[in-house]
Structures are given as structure tokens and as C-alpha cells.
Amino acid sequence: MAVVKSLRETARSLKRQTVVFYFAIRDPRMPLIAKVLAGFVVAYALSPLDLIPDFIPVLGYLDDLILVPLGIALCLRLIPEPVLVEARARAEKVSEKPKSYSGAIIIIVLWVMGSAVFSLWIYRLLVAGDMR
């Protein structure tokens, strides 16, 4: 149980760090190389595509467990301290905001409606032969 709790906390930490990097990238005081590297780290951490696919036993998760923390460590060395402090403060404010369940419901309803319209269009195209 302690391992699961530790992994959950590590995942939260990585998520927090990607938000910090997002805000740091937008700061004009960031060096270009740090912006590029932080952008790659955020994109790789959030991307569903991996260097080694996750379905490959052990190796699939190994790249996430090695590459993302290494990228984060390197970015932390390249980002100027004042930028990092401000980015952390902004990320903390964002994480404190209340979640909007009504907004989530609206988004879900829009996705369901869009999916229904798209499905109806595909059905008419394939089954009914209607090309409108």
C-alpha cells in the first residue's frame, strides 16, 4: 500500500512540475534552450505517445520513469531561480482554484452531442448512401 501511495504522490509531483514548466516557458526571462527543453519535457510527460510503448513489459514504463525525471532535473538547473519561484507560485494558485463541475458537464454534453451528430453523418454516409 505504501508503494501505491508513493507512486501516486510522485505522479502528482510530476503533474505539478509540468504546470510550473508551462508558466516558466511563457516568461520572457527564460533562456531559449531552457524554453525548448522544458517544452519537450512537458509535451513528453503529457503525450499519450512514448518513445517505448507502455505495452512492452517493464521497458514501457522505464522510459517514463527515467526520461521525465531526468528532463525535469535538467530543466530545474537551466531555469533562472526568480523565474522558477514565480512559476511555482502561479502553479500553486492554479491548483487552488475550485473545480467547475458545471463546466465539466457542459463539455461532456457538447462531446456527446458532437459524437451523436458525427455518428449519424457516418451512418447516413455508409448505410443510407446519402452524401449530404
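In this structure, V20 and R90 have side chains that are not in contact, with every pair of non-hydrogen atoms separated by 4.5 Å or more.
The cluster map of Ile, Leu, Val, Met, Phe, Trp and Tyr, joined by side-chain heavy atoms under 4.5 Å apart, puts L126 and W121 in the same cluster. Grouping the Ile, Leu, Val, Met, Phe, Trp and Tyr side chains by contacts below 4.5 angstrom, directly or via other members, places L37 apart from L32.
A distance of 14.5 Å separates CZ of F21 from CZ of F40, quoted to the nearest 0.5 Å. A distance of 12.0 Å separates CG of L110 from CD1 of I105, quoted to the nearest 0.5 Å.
Few gaps surround CZ on F23; more than 12 heavy atoms of other groups in view lie less than 6.0 Å from it. Other residues, nucleotides and ligands place more than 12 heavy atoms under 6.0 Å from the CG atom of L120.
Between A24 and A87, the closest heavy-atom pair is N-CB, 3.8 Å. The shortest heavy-atom contact between V42 and Y22 is CG2-N, 4.4 Å. Annotation for I25 and K35: closest pair O-CE, 3.2 Å, computed over non-hydrogen atoms. Heavy atoms only, all atoms of each residue included: V41 and I72 are closest at CG1-CG1, 3.9 Å.
With respect to the salt-bridge test (charged N to carboxylate O, under 4.0 angstrom), the residues E86 and R29 qualify.
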Quiz item: Are I122 and F118 close enough, and set up right, to give a side chain to side chain contact (heavy atoms under 4.5 Å, CB included), and what steps lead you there?
Solution: CA-CA 6 Å; I122 292 293; F118 181 73; 3.8 Å; yes

Exercise. Test side chain to side chain contact (heavy atoms under 4.5 Å, CB included) on V68 and Q17 and set out the steps.
Key: CA-CA 10 Å; V68 173; Q17 205 62 354; over 6 Å; no

